[in-house]
Amino acid sequence: MRKQIGSCLLELDVGDISLEQTDAIVNAANSALAGGGGVDGAIHRAAGPLPMQQTRERYPEGCPAGHAVVTDAGRLSARYIFHAVGPIWQGGRFQEADLLRSVYSECLRLARELNCQSIAFPAISTGAYGYPLDLATETALLQIIEDLRTWQQPAHVRCICFHEGILGAYGRVLERLIP
Ligand code: APR
């Protein structure tokens, strides 16, 4: 599914985010930037050692939830990896929604600053971090749409869904937000 937002294209697709050809690829990282499974494992495996070397050198303190940091993309075809730290779901009363909105917004801000024309997001926090999928997709899409309407860049935003169930959740919300 794809929707036009002014001059920008917002697209939903099923796939493995480490194979994306966008200028920036977003990693679902942890606050220690220590690597992990899921998206984090797939991206570091595909990218090779460079991004991890750079996170250690540039961000020894890690990165708090709601924020993102940049490295080169190693062997990926992207120019950059944005290591984005989503919130751990704790029932919804610990600013999880604010932190999730912030992490999408930070990644889009980095994309604009680094002149990226395209960016691919995974469904941040919906795996190991336990964020309910329907809530996470709504929060993610609201923030992406708001930022694209405001800034009209990056030109192409892709939400990469690991399986059809995730695509279905995104699709239902997107159709409701932009009929
Ligand atoms: N491509 C796209 N999506 C993927 C991939 C992949 N290769 N692998 C998993 N997913 C999906 C999951 O199905 C889930 O919906 O991405 C979503 C996010 O899952 P996680 O990778 O577990 O990320 P998150 O919930 O943010 O948890 C982050 O997990 O791997 C660790 O180091 C990471 O501690 C951090 C935590």
Side-chain angles (χ1 to χ4, degrees), residues 1 10-49 51-56 59-71 73-78 80-92 94-108 110 118-141 143-144 156-174:
M1 182 188 286
L10 171 57
E11 191 170 31
L12 313 180
D13 212 346
V14 176
D16 174 349
I17 194 155
S18 67
L19 302 175
E20 283 295 300
Q21 313 256 316
T22 44
D23 290 342
I25 285 182
V26 176
N27 181 21
N30 53 62
S31 55
L33 304 175
V39 170
D40 211 355
I43 285 180
H44 281 293
R45 264 194 310 279
M52 188 62 86
Q53 278 166 19
Q54 290 184 343
T55 54
R56 288 206 189 102
Y59 315 107
E61 311 285 309
C63 174
H67 294 268
V69 296
V70 185
T71 66
R75 294 198 288 257
L76 302 185
S77 64
Y80 303 108
I81 300 171
F82 298 165
H83 303 268
V85 183
I88 299 171
W89 179 256
Q90 299 178 83
F94 293 86
Q95 269 88 52
E96 291 97 321
D98 292 343
L99 291 168
L100 193 61
R101 283 186 79 118
S102 161
V103 85
Y104 279 92
S105 199
E106 284 284 291
C107 289
L108 291 167
L110 287 170
S118 57
I119 181 169
F121 284 101
I124 297 169
S125 286
T126 66
Y129 279 1
Y131 208 111
L133 185 60
D134 287 339
L135 297 180
T137 52
E138 170 135 14
T139 299
L141 288 171
Q143 191 62 49
I144 291 169
H156 191 186
V157 175
R158 285 171 55 74
C159 293
I160 304 304
C161 308
F162 203 39
H163 53 73
E164 294 288 340
I166 300 175
L167 180 69
Y170 268 99
R172 283 190 293 279
V173 174
L174 185 56

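Every number for a ligand or one of its atoms is a count from 1 in the order of the listing.
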Protein heavy-atom partner closest to [atom] - residue, atom, separation in Å:
atom                    : result
atom 36 (C) of ligand 1 : Y129 CE1, 3.4 Å
atom 25 (O) of ligand 1 : G127 N, 2.8 Å
atom 15 (O) of ligand 1 : T126 OG1, 2.6 Å
atom 26 (O) of ligand 1 : S125 N, 2.8 Å
atom 9 (C) of ligand 1  : F162 CD2, 3.6 Å

I'd like to check which ligand 1 atoms, numbered from 1 as shown, lie under 4.0 Å from a non-hydrogen atom of [X].
X    : answer
A123 : 17 (C), 18 (C)
A42  : 7 (N)
G15  : 1 (N), 2 (C)
I166 : 13 (O), 15 (O)
V39  : 3 (N), 4 (C), 5 (C), 8 (N), 9 (C), 10 (N), 16 (O), 21 (O)

Heavy-atom pairs closer than 4.0 Å: do any link ligand 1 to the side chain of A28, the backbone, both, or neither?
both
For ligand 1, does L133 get within less than 4.0 Å through its side chain, its backbone, both, or neither, judged by non-hydrogen atoms?
neither
Side-chain donor or acceptor of [X] paired with backbone N/O of [Y] under 3.5 Å:
X    : Y    : result
E96  : G92  : yes
E20  : A78  : no
Y59  : V70  : yes
E106 : Y104 : no

Proximity winner for [atom], if only heavy atoms of [options] are counted:
atom                    : options              : value
atom 22 (O) of ligand 1 : A128, A29, P122, G36 : A128
atom 32 (O) of ligand 1 : I25, D40, D13        : D40
atom 1 (N) of ligand 1  : I17, V14, L33        : I17

Below 4.0 Å from ligand 1: does a non-hydrogen atom of [X] turn up there or not?
X    : value
G130 : no
G35  : yes
S18  : no
G86  : no

What is the distance from atom [atom1] of [X] to atom [atom2] of [Y], rounded to the nearest 0.5 Å?
X    : Y    : atom1 : atom2 : result
T71  : Y80  : OG1   : OH    : 10.5 Å
N27  : I81  : CG    : CD1   : 6.5 Å
R101 : I144 : CZ    : CD1   : 10.5 Å
T22  : F121 : OG1   : CZ    : 10.0 Å
L100 : S105 : CG    : OG    : 11.0 Å
H83  : C63  : NE2   : SG    : 10.0 Å

Do any nitrogen or oxygen atoms of D16 come within less than 3.5 Å of a nitrogen or oxygen of ligand 1?
yes
Quick check: G37 and ligand 1, any N/O pair under 3.5 Å apart?
yes
Quiz question: by atom type and distance under 3.5 Å, do the side chains of H67 and S102 form a donor-acceptor pair?
no
Side-chain donor-acceptor contacts of residues 122-135 below 3.5 Å, not counting sequence neighbours, with atom names and distances?
| residue | atom | partner | partner atom | Å |
| --- | --- | --- | --- | --- |
| S125 | OG | P87 | O | 2.8 |
| T126 | OG1 | A123 | O | 2.7 |
| Y131 | OH | A97 | N | 3.4 |

Distance-only criterion, 3.5 Å: show the donor-acceptor pairs between side-chain atoms of residues 28-39 and protein atoms not counting sequence neighbours.
| residue | atom | partner | partner atom | Å |
| --- | --- | --- | --- | --- |
| N30 | OD1 | A32 | N | 3.3 |
| N30 | OD1 | L33 | N | 3.0 |
| N30 | OD1 | A34 | N | 3.0 |
| N30 | ND2 | G35 | O | 3.1 |

